[in-house]
Protein chains: 2
Amino acid sequence: MEKFTIKDIAKLGEVSTATVSNFLNGNYAKMSATTRERLANIISKTDYHPSTTARNLAKNENKTIGISVADITNPFTSPVISGLSERCEKYGYKMVFTNSNNDERREVENINRLREEEVAGLIIDPVNPDSSIYNQLSNAYTVIVDRQARRNVVDTIVTDNMNSVDTMVKKMVAKGYDDLYFVSWPLDGVSTRLNRYAGFKLATNYLNDDHLITVPYNTSLNKSSDFDQTLENILANKGDKKIGFFTMNSRTLLQLLKSAQRLNYNYAEDFGVATYEEFEWMQLMNPGISCVRQDSFAIGCAAMDLLKEKLETQYDNEPEPQVKLIPTDLIVRDSF
Amino acid sequence: MEKFTIKDIAKLGEVSTATVSNFLNGNYAKMSATTRERLANIISKTDYHPSTTARNLAKNENKTIGISVADITNPFTSPVISGLSERCEKYGYKMVFTNSNNDERREVENINRLREEEVAGLIIDPVNPDSSIYNQLSNAYTVIVDRQARRNVVDTIVTDNMNSVDTMVKKMVAKGYDDLYFVSWPLDGVSTRLNRYAGFKLATNYLNDDHLITVPYNTSLNKSSDFDQTLENILANKGDKKIGFFTMNSRTLLQLLKSAQRLNYNYAEDFGVATYEEFEWMQLMNPGISCVRQDSFAIGCAAMDLLKEKLETQYDNEPEPQVKLIPTDLIVRDSF
DNA sequence: CTGTTAGCGCATTCAC
DNA sequence: GTGAATGCGCTAACAG
């Protein structure tokens with residue numbers, strides 16, 4: 001938006017462009033104190049600032065990372081971006097940002113565009129972590145966040161699903177619940193669900209899947225469903241037993257809550273409940289709902305930390321992909 | 001991340017770099033069909049892609065816009081970004097993104113950094129719209145979103161506060177409410193609040209401020225407050241009158257709801273209520289809460305539309321700053 | 001139709 | 001301590 005170049009200020013300072021360049025890069029050893037001061041003056045007066053484009057070209061480096069998020073609108077991705085942005089600033093990277101709006105095709109376009117921009121690295125919040133497109137990405141300059149592939153080919157940072165469920169459900173066990181149930185969308189080999197369920201089994205020591213309740217992915221909240229039936233079966237026959245549920249996310253929690261409402265059961269009173277994911281309304285409800293709050297900010301930070309580290313080391317061959325687990329916060333309220 | 005340059009593929013194609021450049025830019029008229037095909041082949045085989053940096057330098061243009069958001073974590077900014085990203089893609093811009101985390105100092109840094117990147121334009125979701133720092137920005141290449149300054153110096157896109165409140169409150173009036181109250185944080189000259197209140201007065205025809213209830217900015221939701229008192233005064237003495245409240249945002253709504261709960265009044269039953277802002281829990285509550293849903297996505301779109309238009313026209317002197325209002329959706333549920 | 005050439009703004013030897 | 005020269009990868013005349 002300006003017009004001054006390094007030449008202009010070289011002329012004004014009556015020095016060569018090289019000296020100016022040195023000044024700009026802090027190589028003050030290579031000039032007299034007087035020219036240094038003169039340059040400082042001129043530059044501040046002209047509000048000249050070097051062209052990053054030109055500099056990138058000359059140095060053949062580009063301190064920017066490309067970001068592709070599946071869905072900016074998802075409440076869990078904002079904190080991730082916040083963490084990324086924090087670290088980018090800290091490390092002197094700028095971030096160019098793309099949103100795929102849950103569209104795999106668009107994600108591919110975004111990633112390709114990002115690569116053409118010659119970004120130094122890539123951070124991807126994948127639409128479908130099991131897609132094959134990530135195979136083309138080198139693990140040397142990319143990291144995946146938030147969603148874990150069944151077989152991951154690049155480093156990924158995700159919330160510690162298994163352990164958080166384990167410790168939360170252990171708290172329920174400790175309160176003397178006789179029967180605990182895990183309410184989930186169909187497992188379908190999705191790693192998030194599998195890992196959360198694994199945590200549940202770990203805490204409860206259930207050996208088979210008798211305590212796994214599955215609800216279809218897209219059931220209406222406001223119509224009675226099969227789930228009403230199984231809930232009624234459990235609750236009507238519970239006798240003196242304490243019954244508890246752990247729901248794998250907020251949607252299944254709502255499913256449970258709505259069903260219970262239809263059947264005239266109250267949570268906390270007639271049964272205990274805790275859930276993965278935190279939303280504001282869980283705190284507003286009365287009694288408040290215990291939940292696992294994932295630390296998305298930390299995921300963003302860790303992702304950029306990892307990426308920076310990878311970018312700074314020279315690999316003779318691609319590093320083995322790892323997955324790093326980020327611990328969660330357990331929010332215990334009065335729902336169990 | 002690659003190594004092929006235009007020279008390499010020129011050599012491979014046994015043509016000059018100029019021809020390759022023409023090919024890349026779609027100037028197929030300037031070459032024979034055979035060389036065109038040959039080039040296409042070679043390029044696809046080598047997975048060569050031109051350096052955007054070099055291209056930007058050569059063309060002295062930079063199809064990127066800089067974005068500075070006050071707080072990525074605010075649920076209303078995600079849709080704005082979504083809209084921006086939509087339009088950026090459409091118009092062929094890429095976006096470099098910064099987050100200020102509600103810190104004015106950081107915002108200044110971000111904006112300066114963005115300008116140094118030689119972005120073509122700037123879109124700013126301001127931390128404090130009344131800050132003086134926006135005075136330094138030319139209206140020729142920047143637009144502000146979401147928050148309106150008292151005296152705005154650059155084009156601004158905001159939600160249509162006044163008209164949405166007006167039409168929502170008119171719906172309450174139509175339902176025969178005898179007394180309507182506007183619950184708000186102290187007006188304090190903040191344009192958002194002023195405009196919403198103006199809409200309220202427009203709908204109710206109240207001439208003075210007797211129906212404005214002010215609650216301090218930072219009162220705890222869970223302790224009884226002065227507000228409890230004034231609410232009790234109104235509700236205890238209402239007689240046969242229908243009483244309604246319009247709250248200026250979700251926080252003041254919660255204030256109202258919690259106070260009512262403490263005083264054993266029920267909304268919808270003992271009084272009517274509607275609010276600015278929509279959150280998921282308003283839909284979950286029973287009865288659902290009527291609210292004004294601002295179309296943040298549209299704000300993002302409009303902002304980028306405007307910016308693009310400005311970028312493409314040559315101004316002899318800076319254009320007069322305008323403010324554009326984005327209409328909202330009125331969600332009527334059962335709370336009044 | 002194709003090649004030559006001169007920049008774009010800056011960084012970096014290598015002389016002086 | 002300083003400056004001229006060269007190149008980063010590409011574009012845009014201008015010749016041929």
Side-chain angles (χ1 to χ4, degrees), chain A residues 1-40 42-43 46-64 92 94 113 115-120, chain B residues 1-40 42-43 46-64 92 94 113 115-120:
Chain A
M1 333 202 233
E2 303 299 338
K3 39 183 294 187
F4 279 100
T5 81
I6 201 173
K7 264 186 202 159
D8 297 320
I9 87 108
K11 205 167 292 172
L12 289 176
E14 292 174 320
V15 293
S16 81
T17 62
T19 324
V20 180
S21 173
N22 280 324
F23 175 86
L24 293 172
N25 292 296
N27 299 330
Y28 302 130
K30 294 193 175 182
M31 72 197 67
S32 65
T34 48
T35 65
R36 171 178 172 179
E37 204 163 322
R38 190 150 29 100
L39 256 25
I42 295 178
I43 289 185
T46 60
D47 93 302
Y48 155 85
H49 48 83
S51 152
T52 344
T53 323
R55 170 175 288 169
N56 284 344
L57 184 57
K59 301 183 73 161
N60 193 23
E61 75 166 23
N62 195 344
K63 294 274 276 184
T64 101
K94 61 174 187 270
R113 223 153 25 92
R115 296 185 61 188
E116 287 171 16
E117 302 294 347
E118 303 164 307
V119 294
Chain B
M1 335 201 232
E2 303 300 338
K3 39 182 294 187
F4 280 100
T5 81
I6 200 173
K7 265 187 201 158
D8 296 322
I9 86 107
K11 203 167 295 172
L12 290 176
E14 291 174 323
V15 293
S16 80
T17 62
T19 322
V20 181
S21 174
N22 280 325
F23 175 86
L24 294 173
N25 292 297
N27 298 330
Y28 303 129
K30 294 192 173 182
M31 71 196 68
S32 67
T34 47
T35 66
R36 170 176 172 180
E37 205 163 320
R38 189 150 28 100
L39 255 25
I42 295 178
I43 288 183
T46 60
D47 94 302
Y48 156 85
H49 48 82
S51 154
T52 346
T53 321
R55 171 176 288 171
N56 284 344
L57 184 58
K59 301 183 75 164
N60 193 24
E61 75 166 25
N62 195 344
K63 295 273 275 184
T64 101
K94 62 173 187 268
R113 220 148 30 86
R115 296 184 62 189
E116 287 171 18
E117 301 295 347
E118 303 164 308
V119 293

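It should be emphasised that the depicted structure is a prediction, and the values quoted were computed from it without experimental measurement.
Here A/Ala29 lies in heavy-atom contact (under 4.0 Å) with sugar-phosphate atoms only. Within 4.0 Å (heavy atoms only), B/Glu14 reaches sugar-phosphate atoms of the nucleic acid but no base atom.
The two residues A/Leu12 and A/Phe4 come nearest to each other via the heavy atoms CD1-CE2, 4.3 Å. Closest of all the heavy-atom pairs between A/Val20 and A/Ile6 is CG1-CG1, 3.5 Å. Considering all non-hydrogen atoms of both residues, A/Ser16 and A/Ala10 come closest at C-CB, 3.8 Å.
Atoms NZ (A/Lys11) and C1' (D/dT2) sit 18 Å apart, rounded to a whole Å. Here the P atom of nucleotide C/dG9 and the CD atom of B/Glu118 are 9 Å apart, to the nearest Å. Atom CG of B/Leu57 is separated from atom P of D/dG7 by 17 Å (rounded to the nearest Å). One atom, CD1 of A/Ile9, and another, P of D/dG3, lie 12 Å apart when rounded to the nearest Å. Protein atom CE of A/Met31 is 13 Å distant from nucleotide atom P of C/dT12, rounded to whole Å. Protein atom CZ of B/Arg38 is 14 Å distant from nucleotide atom P of C/dC1, rounded to whole Å. The interatomic distance linking A/Asn62 (CG) with D/dC8 (P) rounds to 17 Å, in whole Å. Atom CG in B/Leu39 sits about 14 Å away from atom C1' in C/dG3, given to the nearest Å.
Each end of the helix from C/dC1-D/dG16 to C/dC16-D/dG1 yields a helix axis from five base pairs, and these two axes differ in direction by 40° (to the nearest 10 degrees).
Every residue two or more places apart in sequence or in another chain was checked for a side-chain contact (heavy atoms from CB on, under 4.5 Å) with A/Lys11, and none qualifies. Not counting sequence neighbours, the partners of A/Arg113 by the salt bridge (Lys or Arg N to Asp or Glu O under 4.0 Å) test are B/Glu89. Legend: residues meeting side-chain contact (heavy atoms from CB on, under 4.5 Å) with B/Ile43, ordered by chain and number and at least two apart, are B/Ile9, B/Phe23, B/Leu24, B/Tyr48. Listed by chain and residue number, A/Thr34, A/Thr35 satisfy the side-chain hydrogen bond (donor to acceptor under 3.5 Å, both in side chains) test with A/Ser32 (two or more places apart in sequence, or in another chain). Remark: B/Thr17 engages no residue in a side-chain hydrogen bond (donor to acceptor under 3.5 Å, both in side chains) (not counting sequence neighbours).
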Legend entry - Summary of protein contacts for nucleotides 10-16 of chain D, nucleotide by nucleotide, where a base hit scores B, a sugar-phosphate-only hit scores S (4.0 Å, heavy atoms): BBB----
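A close approach under 4.0 Å does not occur between any side-chain nitrogen or oxygen of A/Ser16 and OP1 or OP2 of D/dA4. An OP1 or OP2 oxygen of C/dT2 is reached within less than 4.0 angstrom by a side-chain nitrogen or oxygen of B/Thr35.
Sequence order on DNA chain C of the closest nucleotides to B/Val15 and A/Thr19 puts B/Val15 first from the 5' end.
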Side-chain donor-acceptor pairs under 3.5 Å in residues 55-64 of chain B, sequence neighbours left out?
residue: B/Asn56; atom: ND2; partner: B/Thr52; partner atom: O; Å: 3.4
residue: B/Asn62; atom: ND2; partner: B/Glu118; partner atom: O; Å: 3.4

